[in-house]
Amino acid sequence: MKKGRIVIISGPSGSGKTTLQAKLLKSKRVKGKLVESISITTRPRRKGEKDGREYFFVSDKMFRYKKRAGHLLESEQVFHCFYGTPRKYVYDLLKKGTHVLLGIDVKGARKVRLQYPEALMIFIKTPSLKVLKERLLKRKTEEPTDLKIRVAIASQELKAANRYDFVIINNDLKKAYAELENIVCRELFAKR
Ligand code: 5GP
């Protein structure tokens, strides 16, 4: 059986990455063949989030333990919190021939690519930083200081876009989604 492939989706917060990812996972074309990896994080749970759905929410102590014990494929500090990808979960799925989707930041993506050079890397961005700021303001999940930090980090992250295999500009959600689905299906299924 052919091994599965890792699909990494990165992009600044406000780029629409999470919405696109969720839509992709529900699509008939990939359902069951591409599975999302749920990361662990020390970030406090946001309103509406559920443990084990968006993330596994863990304490700093538990995170440090998992990292030390080698349970994480990669881990990074993003904003003020820690995030990590579960190693065994990803490995087992790949071994079974299932493709695995990782929605992770640019630094984590780099680490995964070193271990899995064949990973498919897709970067999502807004047409401009101005649009990104507007989207974050509308979202209202961040405190004003966090918003500033997220915008500053976004401009840093954008510099990493050229290391990705594909860059999708999310100006119109429907078009961006069609582009994403086509890329993923072509890369994962047409080449097999
Ligand atoms: P949020 O807290 O808004 O859900 O995510 C913040 C950032 O952390 C996003 O850029 C997201 O892609 C990234 N992230 C989520 N999980 C992981 C992970 O397991 N590893 C890394 N390196 N980044 C992650």
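In listed order, ligands and their atoms are each counted from 1. Any value given below was found using the heavy atoms of this structure, including those in side chains, with hydrogens, waters and symmetry copies removed.
Here's the thing with Glu157: none of its N/O atoms is less than 3.5 angstrom from an N/O atom of ligand 1. An N or O contact shorter than 3.5 Å is missing between Glu76 and ligand 1 by distance. Between Phe79 and ligand 1, a contact under 3.5 Å exists for no N or O pair.
Remark: ligand 1 atoms within the under-4.0 Å shell around heavy atoms of Gly84 are 18 (C), 19 (O). Close approach of ligand 1 to Val78 is summarised as follows: ligand atoms under 4.0 Å from at least one heavy atom of the residue are 7 (C), 8 (O).
Between Tyr55 and Tyr83, the distance separating the two ring centers is shorter than 6.0 angstrom. In this structure, the ring of Phe189 has its center less than 6.0 angstrom from the ring center of His99.
Between the choices Glu54, Arg46, Arg43, the shortest heavy-atom distance to atom 3 (O) of ligand 1 belongs to Arg46.
Judged purely by atom type and a 3.5 angstrom limit, Lys3 has no side-chain atom pairing as donor or acceptor with the backbone of Leu94.
With respect to Lys125 and Glu157, no salt bridge is recorded, no charged nitrogen being found less than 4.0 Å from a carboxylate O. Salt-bridge formation is detected for the pair Glu134/Lys130: a Lys NZ or Arg NE/NH1/NH2 atom is positioned less than 4.0 Å from an Asp or Glu carboxylate oxygen.
At least one heavy atom of Lys17 sits closer than 4.0 Å to an atom of ligand 1. Not close to ligand 1: Ser13, with no non-hydrogen atom less than 4.0 angstrom away. Under the 4.0 angstrom criterion for non-hydrogen atoms, Arg150 is in contact with ligand 1.
Of the inter-residue distances, the one linking Asn170 atom CG with Arg135 atom CZ reads 4.5 Å to the nearest 0.5 angstrom.
Stacking of Arg43 on the aromatic ring of Phe82 is not recorded, the 6.0 Å distance cut-off and the 45° axial limit not both being met.
If you look at Ile104 next to ligand 1, the close heavy atoms, those under 4.0 Å, come from the backbone and the side chain alike.
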